[in-house]
Asker: 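Structure incoming, see below.
Just so it is clear, the model here is predicted, and its values are computed rather than measured.
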Amino acid sequence: MQHHFTRCYGLAGLLVLLLLAGCQKQAFEQADGTELEWESLRGHWVLVNYWAEWCKPCLEEIPELNDLDRSGSVVVLGVNFDDVKGQSLLDLGRRMGIEYGMLGEDPGPALGWQTPVGLPATFVVDPDGNLKETRFGPQTKEDITALINE
């Protein structure tokens, strides 16, 4: 009988740990090595944009994403699809004209997002932290502004 209780308490303990793990603050490494607390973005629209150096449409949307990030109403975060990191990522972003923040790791798995199979891909997160929409192809400031103002 005692063995049965131990197993039940063990399962209950495991469930509590799993629930607590889901409540942990999520932080993602930025290109410069600092951490970005995901919760710090609450209250803002966030675009998580997957890009690659070889992706021509990605290059086309960079000026639009720079404008959106500068507008103050949207936080744009770039994620390099080819897993470039650290100083190499900073250098590549500079060469490509990226002025918005870049993450040094893919936040998708931790946030429950599927890795995009086509580029560019933009995950639109509302001010409450919920994924509103995933968009494929180059985005414009006008398109994103219309989505936000729906």
Side-chain angles (χ1 to χ4, degrees), residues 11-150:
L11 283 175
L14 181 62
L15 284 174
V16 168
L17 284 176
L18 287 173
L19 289 172
L20 289 175
C23 296
Q24 284 180 348
K25 288 185 176 174
Q26 291 176 310
F28 302 106
E29 185 180 336
Q30 299 182 91
D32 63 6
T34 61
E35 282 204 337
L36 172 69
E37 293 283 343
W38 188 247
E39 280 295 310
S40 72
L41 300 173
R42 284 286 165 91
H44 299 278
W45 284 91
V46 179
L47 302 181
V48 178
N49 177 262
Y50 290 79
W51 62 278
E53 181 179 16
W54 45 263
C55 166
K56 190 170 178 0
C58 297
L59 292 170
E60 293 169 7
E61 74 178 348
I62 289 172
E64 299 280 338
L65 296 175
N66 284 338
D67 284 350
L68 276 163
D69 191 63
R70 267 195 303 270
S71 74
S73 58
V74 177
V75 174
V76 180
L77 297 170
V79 177
N80 181 267
F81 190 76
D82 294 327
D83 212 24
V84 177
K85 295 190 181 309
Q87 190 60 49
S88 298
L89 178 57
L90 292 171
D91 293 344
L92 178 59
R94 198 172 300 113
R95 281 197 312 273
M96 292 184 67
I98 294 174
E99 298 168 5
Y100 45 86
M102 292 185 293
L103 295 176
E105 66 177 307
D106 181 357
L111 298 172
W113 302 346
Q114 288 198 330
T115 303
V117 291
L119 294 179
T122 303
F123 289 73
V124 181
V125 180
D126 71 18
D128 294 325
N130 302 310
L131 179 62
K132 178 171 175 76
E133 198 171 298
T134 304
R135 295 183 158 207
F136 295 94
Q139 300 304 305
T140 66
K141 184 176 180 181
E142 188 179 347
D143 291 340
I144 297 296
T145 303
L147 174 65
I148 289 170
N149 292 328
E150 278 181 359

Asker: What distance do Asp32 atom CG and Leu103 atom CG have between them, rounded to the nearest 0.5 Å?
Answerer: 10.0 Å

Asker: Test your reading of the model: is there a side-chain donor-acceptor pair from Asp69 to the backbone of Gly101, 3.5 Å cut-off?
Answerer: no

Asker: What heavy-atom pair brings Ser40 and Glu37 nearest, and what distance separates the two atoms?
Answerer: OG-O, 2.6 Å

Asker: Do any side-chain atoms of residues 107-124 form donor-acceptor pairs under 3.5 angstrom with protein atoms, and if so which ones, sequence neighbours left out?
Answerer:
{"from": "Thr122", "atom 1": "OG1", "to": "Asn49", "atom 2": "ND2", "distance (Å)": "2.9"}

Asker: For side chain to side chain contact (heavy atoms under 4.5 Å, CB included), just list the numbers for Tyr100 and Asn66, CA-CA rounded to whole Å, side-chain angles, deciding distance to a tenth of an Å, and then say yes or no.
Answerer: CA-CA 6 Å; Tyr100 45 86; Asn66 284 338; 3.1 Å; yes

Asker: Is any side-chain heavy atom of Phe28 closer than 4.5 Å to one of Val48?
Answerer: no

Asker: Quick one: does any side-chain atom of Asn130 pair with a main-chain N or O of Asp126 as donor and acceptor, under 3.5 Å?
Answerer: no

Asker: About how many Å separate CD of Glu53 and CG of Leu92, when rounded to the nearest 0.5 Å?
Answerer: 4.5 Å

Asker: When you measure from the side chain of Asp82 to the backbone of Ala52, do you find a donor-acceptor pair of N or O atoms at a distance under 3.5 Å?
Answerer: no

Asker: Could you tell me which non-hydrogen atom of Leu59 sits nearest to which non-hydrogen atom of Met96, and how far apart they are?
Answerer: CD2-CE, 3.1 Å

Asker: When rounded to the nearest 0.5 angstrom, what is the spacing between CD1 in Ile144 and CZ in Arg135?
Answerer: 5.0 Å

Asker: Ignoring hydrogens and angles, tell me if any N or O in the side chain of Thr145 forms a donor-acceptor pair with the backbone of Lys141 under 3.5 Å.
Answerer: yes

Asker: To the closest 0.5 Å, what do you measure between NZ (Lys85) and CG (Asn80)?
Answerer: 8.5 Å

Asker: Test Leu41 against Leu36 for side chain to side chain contact (heavy atoms under 4.5 Å, CB included), laying out the working first.
Answerer: CA-CA 9 Å; Leu41 300 173; Leu36 172 69; 4.0 Å; yes

Asker: Measuring from atom CZ of Arg42 to atom CG of Asp128, what distance do you get when rounded to the nearest 0.5 angstrom?
Answerer: 7.0 Å

Asker: Tell me if a side-chain donor or acceptor on Ser71 pairs with a main-chain N or O of Leu68 at a distance below 3.5 Å.
Answerer: yes

Asker: Could you check whether any side-chain N or O of Glu29 sits under 3.5 Å from a backbone N or O of Gly104, counting only pairs where one atom can act as donor and the other as acceptor?
Answerer: no

Asker: At what distance, to the nearest 0.5 angstrom, does CD of Glu61 lie from CH2 of Trp51?
Answerer: 11.5 Å

Asker: Looking only at heavy atoms, which two atoms of Glu64 and Gln139 are closest? And how far apart?
Answerer: CB-O, 3.6 Å

